[in-house]
Amino acid sequence: MRVAVLGAGVVGSATAYMLAKDGHDVVVVDRRNKPGMETSFANGGLMTPSDSSPWNSPGTVKRLGKMLFDSNSTLKINPSAVPSIIGWGLKFLANSTAGRHKENMIANIRIASLSLNTLRNIRQSNTLNYDQTTRGTMRVFPRDGHMSEFVKMCSEMQEWGVKFEVLNQDQILEKEPCLRDVINRYVGAVFFPDDESGDAHKFTNEMARLAQNLGAHFMLNATVHEIVKASSTQVSHLRTSAGDVRADAYVLSLGSYSPILARPLGIYVPIVPVKGYSVTLRLNGWKGGPTRPVMDDGYHAMMVPMGDRLRMGGKAEFARYNTKADPREGRRVLADILKILPAMASHVDINAAANWSGLRPMTPGGPPMVGPTPYSNLFLNTGHGPLGWTMSCGSAVLTSELITHGRVLNDSVNPKDYAI
């Protein structure tokens, strides 16, 4: 079967690999000149089933004021974006009840765990180079933080297979001596041994390489203008800047841009873009940083080692389709990290920091949208929010099974959790 995948980000490239592995003739269409050049380019670099709790936890309604008016909020709403997200926002709030939040968290854990297991299987038979670490992740908590609440949530996730360990100060330093100068800031930490990390951009290109080795074709520098329908139940072809593309089946994996192409087909895809920031520094051989991802729950800052680089991230913002990197946010992220790693300032060129921002495709509940549409040959694989890389291989498996067999074969997930 000939399958066209719309989008060569981490989700689309993983999907192309799975489809090609299952014997399909695959073409991937993307507007950029190589895979992984948009949201997958410089994201947080985390593959973390431990981060499966959706953002709209119980109590979100009470935090709305802070999101709107507090510049230090981890999840900020730009007032200009409010009119465009009202309908979506009401659904977001409706999913913040304790019951709905737990259901969505479990759905996220299931597909994230499938994804991590799938990646490990891929690594057993293929050599992949993406600055990966498999040393787990650690979240450290200041004395005035919310560690007890977080541990309680981790206990709930543990029921569904997420392993964690609670660490004291000595145990923190055993894993990350780089925190010695600031250890008295922390009351403890939570360590997730199964989490992984790396460069998602490099990973995306590795998956594209594996897909191409299996015969997949990547049609780059080609913008998809329209998904053309043959009837009310069938897609005819894609209209692109490089000409028409015809296939037997189509997979929409364009992240935050998926709703734009789905809308003319009468398909409502409840996704809004959420702007995420990152800063990347060359370490120039300095070895004094973390050996695994470390998240500071007080500063809401993360640092992720990637070979001779350190990736750092901060807040997220509802800002419509604005992808312009804000240097002020980059400076804020750097300032927070230097409070955690004060020694870094004398070893690296702070002024050479690379600022980036990209759009996370968020659904109201949290789980992605993976599965069939009212058009028999059009499938969705989109809306992964901040867990795009974490879920990419898992959602690729589901998509390929649906196209190849007409149903999901894997019994570790419930396909209804990701249905449109």
ring-ring contact (aromatic ring centres under 6.0 Å, His included) filter on Y268, not counting sequence neighbours, yields none
dist F164:CZ -> T137:OG1 (nearest 0.5 Å) comes out at 13.0 Å
*asked:* Tell me if a side-chain donor or acceptor on S115 pairs with a main-chain N or O of I111 at a distance below 3.5 Å.
replied: no
S50 and V162 have their tightest heavy-atom pair at CA-CG1, 3.9 Å
Value for CH2 (W356) from OG1 (T39), rounded to nearest 0.5 Å, stands at 6.0 Å
- Message: So E149 and V151, do their side chains get closer than 4.5 Å, heavy atoms only?
- Response: no
Of all heavy-atom pairs linking N43 and A200, the shortest is OD1-CB, 3.4 Å
Q | Heavy-atom neighbours of K229 NZ exceed 12 at 6.0 Å | A | yes
Check: Counting N and O atoms only, with roles assigned by atom type, does the side chain of T363 sit under 3.5 Å from a partner on the main chain of P367, one being a donor and the other an acceptor?
Finding: yes
Under the side-chain contact (heavy atoms from CB on, under 4.5 Å) rule, what do L265 and I227 come out as? Steps first, then yes or no, please.
-> CA-CA 8 Å; L265 298 174; I227 302 174; 3.8 Å; yes
- prompt: With side chains defined as the heavy atoms from C-beta onward, is the minimum distance between M369 and Y418 less than 4.5 Å?
  reply: no
Residues A222 and A242: closest non-hydrogen pair is CB-CB, 3.9 Å
Give the intermediate values and the outcome of side-chain contact (heavy atoms from CB on, under 4.5 Å) for residues N205 and K34.
CA-CA 8 Å; N205 279 271; K34 65 186 296 187; 3.7 Å; yes
Exercise. Does a sphere of radius 6.0 Å around CZ in R320 hold more than 12 heavy atoms from other residues, nucleotides or ligands, not counting ones at 6.0 Å or beyond?
Worked result: no
Got a donor-acceptor contact below 3.5 angstrom from the S395 side chain to the S392 backbone?
yes
Practice item. Spell out, as yes or no, whether a donor-acceptor pair under 3.5 Å connects the side chain of S376 to the backbone of Q234. Key: no
Ignoring hydrogens and geometry, is there a side-chain-to-backbone donor-acceptor pair from S241 to T223 under 3.5 Å? yes
Would you please classify the geometry between the Y257 ring and the Y321 ring as parallel, tilted or perpendicular, with 30° and 60° separating the classes?
tilted
Notebook entry, point to check: Do S400 and H24 get their side chains close enough for a donor-acceptor pair, meaning under 3.5 Å?
Noted result: no
Indicate yes or no: at least one non-hydrogen side-chain atom of P368 is less than 4.5 angstrom from one of M391. yes
**Request:** Verify whether one side chain among R135 and T291 offers a donor that lies under 3.5 Å from an acceptor in the other.
**Result:** yes
Indicate yes or no: at least one non-hydrogen side-chain atom of P58 is less than 4.5 angstrom from one of T97. no
*Taking the side chain as every heavy atom from C-beta outward, state whether M302 and V294 have any pair of such atoms under 4.5 Å apart.*
no
Q. Can you check whether G358's main-chain N or O pairs, donor with acceptor, with Y277's side chain at less than 3.5 Å?
A. no
> Do NZ/NE/NH1/NH2 and the carboxylate oxygens of R110 and D417 come within less than 4.0 Å?
Replying inline: yes
The salt bridge (charged side-chain N to carboxylate O under 4.0 Å, His left out) partners of R180 (sequence neighbours excluded) come to none
Would you give me the side-chain donor-acceptor pairs under 3.5 Å for residues 340-351, sequence neighbours excluded?
unit_1 : atom_1 : unit_2 : atom_2 : d
S346   : OG     : A343   : O      : 3.1
H347   : ND1    : A343   : O      : 2.9
D349   : OD1    : N351   : N      : 3.1

Quick one: are P273 and M362 in side-chain contact, heavy atoms under 4.5 Å? no
Within the distance-only criterion (no hydrogens, no angle test), does the side chain of K275 pair as donor or acceptor with the backbone N or O of K324 below 3.5 angstrom? yes
Are side-chain heavy atoms of W160 and S113 found at a separation under 4.5 Å? no
If we ignore angles and hydrogens, is there a donor and acceptor under 3.5 Å between the side chains of S197 and T133? yes
Test side-chain contact (heavy atoms from CB on, under 4.5 Å), reference M138, set L179, D195, V190, output is L179
Here the gap from M47 atom CE to T134 atom OG1, rounded to the nearest 0.5 Å, amounts to 12.0 Å
Across all chains, not counting sequence neighbours, the side-chain hydrogen bond (donor to acceptor under 3.5 Å, both in side chains) partners of R2 are D25
Q. Should I183 and I172 be marked as a side-chain contact (heavy atoms from CB on, under 4.5 Å) after you check the CA-CA gap, both sets of side-chain angles, and the distance that decides it?
A. CA-CA 8 Å; I183 190 60; I172 291 173; 3.9 Å; yes
**OP:** Evaluate salt bridge (Lys or Arg N to Asp or Glu O under 4.0 Å) for E156 paired with K102, printing each intermediate quantity in order.
**Re:** CA-CA 9 Å; E156 293 182 5; K102 184 172 183 179; 5.3 Å; no
Under the salt bridge (Lys or Arg N to Asp or Glu O under 4.0 Å) criterion, do D296 and R185 qualify, and how do the steps go? CA-CA 10 Å; D296 184 300; R185 166 179 165 77; 2.9 Å; yes
Short side-chain to backbone donor-acceptor contact, D297 and V140, under 3.5 Å: no
Do N104 and N95 pass the side-chain hydrogen bond (donor to acceptor under 3.5 Å, both in side chains) test, and can you show the C-alpha distance, the side-chain angles, and the key distance before you say yes or no? CA-CA 8 Å; N104 290 327; N95 277 280; 3.1 Å; yes
Are F150 and F141 near enough that their ring centres are under 6.0 Å apart? yes
Would you find a donor on one side and an acceptor on the other, under 3.5 Å apart, between the side chain of Y250 and the backbone of L238? no
ring-ring contact (aromatic ring centres under 6.0 Å, His included) filter on H217, not counting sequence neighbours, yields none
| message | For Y130, is there any backbone N or O sitting under 3.5 Å from a side-chain donor or acceptor partner on E206? | response | no
Across all chains, not counting sequence neighbours, the side-chain hydrogen bond (donor to acceptor under 3.5 Å, both in side chains) partners of D131 are K202, R309
- Query: Thinking salt bridges, do D30 and R32 make one under a 4.0 Å N-O criterion?
  - Reply: no
Inset, instruction - Kindly indicate, with the supporting measurements, whether the criterion salt bridge (Lys or Arg N to Asp or Glu O under 4.0 Å) is fulfilled by R360 and E317. - result: CA-CA 10 Å; R360 301 165 169 139; E317 179 182 11; over 6 Å; no
Would you verify whether the NZ or CZ of R139 falls within 45 degrees of the ring axis of F191 while also being under 6.0 Å from that six-membered ring's centre?
no
For F92 and F318, take the angle between the two ring planes, folded into 0 to 90°, and tell me which bin it lands in: parallel under 30, tilted 30 to 60, perpendicular over 60. perpendicular
Assess the residue pair I122 and M18 against the criterion (side-chain contact (heavy atoms from CB on, under 4.5 Å)); give the C-alpha distance rounded to whole Å, side-chain angles, the decisive distance to 0.1 Å, and a yes or no.
CA-CA 10 Å; I122 294 172; M18 288 298 171; 3.8 Å; yes
| Taking side chain as C-beta onward, heavy atoms only, is L46 less than 4.5 Å from V304? | yes
